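Working notes, structure below.
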Protein chains: 2
Amino acid sequence: MIPGESQFCIQYGITRMTVRQGLRLLAEEGMIESFRGKGTFVTRPRYNELTLELPDSQPVSSEGANVKLLGVGVVIANNEVASILKLRSRTKILQIRKLLLLNSRPVAFDRRFIIYRKGQPVIEKEIHYAAFPEFVSKHMGLTASRNQVTFSAVNLDEETARTLGTSAGKPGLRIEQLVLGGEDQPLGWSVMICDGERYRLQAITKGFFE
Amino acid sequence: MIPGESQFCIQYGITRMTVRQGLRLLAEEGMIESFRGKGTFVTRPRYNELTLELPDSQPVSSEGANVKLLGVGVVIANNEVASILKLRSRTKILQIRKLLLLNSRPVAFDRRFIIYRKGQPVIEKEIHYAAFPEFVSKHMGLTASRNQVTFSAVNLDEETARTLGTSAGKPGLRIEQLVLGGEDQPLGWSVMICDGERYRLQAITKGFFE
DNA sequence: CAGTGGTCTAGACCACTTA
DNA sequence: AAGTGGTCTAGACCACTGA
């Protein structure tokens with residue numbers, strides 16, 4: 001525990017608002033935590049929160065990056081998609097398939113499945129440039145409450161490998177996103193498979209990972 | 001652009017400090033951004049910052065998790081390590097090799113390379129339980145300023161596969177950490193290779209990824 | 001120059017915790 | 001009851017921006 005706010009006021013001859021400003025800066029950096037009635041404490045290291053600051057040079061949304069639309073359409077959900085989106089089997093969904101290019105070479109293959117809203121126009125520009133949770137929110141006409149991301153490693157299957165211009169069995173980074181609305185009902189699911197040899201996710205972190 | 005702070009004071013009959021408190025809450029959520037002399041603006045969606053909230057059930061530091069120390073010692077850095085840590089070739093470094101177990105089965109193989117400080121004791125407990133940046137800071141006796149993490153996908157090589165109890169060519173998630181001190185000089189490097197079939201990194205995000 | 005946000009003062013009342 | 005942090009008032013001066 002560190003001294004109380006009024007202690008600092010006396011010690012440095014400054015107002016409590018000013019002390020609080022200083023403490024807030026430390027709190028934002030995750031160094032301290034305050035509890036009403038108890039006091040302010042130096043935090044224990046946190047392992048469960050990790051802020052990634054992605055450099056602008058990431059393939060996604062960087063300079064040499066480009067998007068090639070492979071297909072947009074309303075299809076019948078297969079069992080996997082239906083189960084993940086918690087839909088009855090054989091429900092209609094909106095499917096988008098994209099290819100991410102970096103310097104005109106494919107680096108990632110992206111499939112997106114969104115709960116289908118009849119009569120809702122699908123704007124091509126948004127497919128190209130909107131981030132997935134953003135796109136889902138717009139299509140559904142509501143704000144997504146949470147976005148669950150899963151990173152994993154896979155071996156590229158025959159089809160994906162062909163699409164990415166590499167060979168089956170090579171490593172692939174799989175980035176899955178599940179966009180959740182109110183009461184955590186799933187609104188959309190996205191699976192992006194990246195060429196493991198040409199794509200890496202690099203970031204500066206705050207907080208500890210391991 | 002949203003109205004000026006003094007506008008809100010008049011409109012709601014409250015103090016500027018109170019208005020600022022409200023605006024700060026919005027700023028912390030990433031909804032608005034302020035610029036001195038210019039004004040306060042609604043932010044464009046940010047793609048470059050991603051906060052991962054890792055659930056406590058992550059293999060790293062979760063219940064069934066365990067650490068097996070494979071070896072600790074001072075060794076001569078090979079060319080790869082020397083180049084990454086920006087050391088002259090054939091410099092002595094501290095090397096730690098660990099195995100992460102989940103329910104008594106290995107899920108990840110971790111190698112850590114830290115700039116060697118003579119006479120600095122290496123405490124076994126810290127090897128087991130401290131996060132990498134934390135361990136490096138303690139060993140070097142200074143605070144690490146930044147931590148750069150890289151996620152990528154690889155195929156397991158013969159040796160790693162054997163260590164993880166699986167077979168070569170299977171997918172592996174590679175998590176690399178480079179701990180940087182003041183003036184961004186490298187202090188330590190860690191490479192963790194996870195069994196792609198048994199480990200996935202799952203998180204709730206704030207901000208957009210793609 | 002007027003308008004903006006950033007910082008600070010010197011108070012005040014409140015909700016909460018702990019002894 | 002004493003001490004803690006959370007919130008708010010009613011001012012003030014400053015650095016910066018843009019017309």
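Note: hydrogens, waters and symmetry copies are ignored here, and every other heavy atom, side chains too, is used. By convention in this document, chain letters (A, B, ...) are assigned in the order of the sequence lines, proteins followed by strands, and residues within each chain are numbered from 1. All values reported here derive from a predicted model rather than from experimental measurement.
- Side-chain contact between B:Phe113 and B:Leu94 is absent, with no heavy atoms from C-beta onward closer than 4.5 Å.
- Each of A:Lys38 and A:Gly13 has a nearest nucleotide on DNA chain C; the 5'-most of these lies closest to A:Gly13.
- One donor-acceptor pair, N or O on each side, does fall under 3.5 Å between the base of D:dG6 and the side chain of A:Arg16.
- Within the structure, a side-chain polar atom (N or O) of A:Ser6 is placed less than 4.0 Å from OP1 or OP2 of D:dT4.
- Within the nucleic acid shown, A:Ile14 comes within 4.0 Å of sugar-phosphate atoms alone, with no base atom in reach, counting heavy atoms only.
- Contact check for B:Arg20 versus B:Phe8: no side-chain heavy atoms found under the 4.5 Å cut-off.
- The interatomic distance linking B:Leu23 (CG) with C:dT7 (P) rounds to 14 Å, in whole Å.
- By the 4.5 Å heavy-atom criterion applied to side chains, A:Glu197 and A:Lys170 are counted as neighbours.
- In this structure, the CZ atom of B:Arg20 is 18 Å from the P atom of D:dG6, given to the nearest Å.
- For the pair A:Met17 CE and D:dG5 P, the computed distance is 15 Å after rounding to whole Å.
- The separation between B:Tyr12 atom OH and D:dC8 atom P is 14 Å, rounded to whole Å.
- Here C:dT17 presents its P atom at 12 Å from CZ of A:Phe41, a figure rounded to the nearest Å.
- Among D:dT9, C:dC8, C:dT4, the nucleotide with an atom closest to any side-chain atom of A:Gln21 is C:dC8.
- Contact check, B:Thr40 against C:dT4: no side-chain N or O comes under 4.0 Å of OP1 or OP2.
- Distance CZ (B:Phe35) to P (C:dG3): 22 Å, rounded to an integer number of Å.
- Of the candidate nucleotides C:dG5, D:dG5, C:dT9, D:dG5 has the atom lying nearest to any side-chain atom of A:Arg36.
- Atom-to-atom, CD of B:Glu5 to P of C:dG3 comes out at 15 Å; the value is rounded to the nearest Å.
- Distances shown here put every side-chain N or O of A:Ser34 at or beyond 4.0 Å from the OP1 or OP2 atom of D:dT4.
- Within 4.0 Å (heavy atoms only), B:Thr15 reaches at least one base atom of the nucleic acid.
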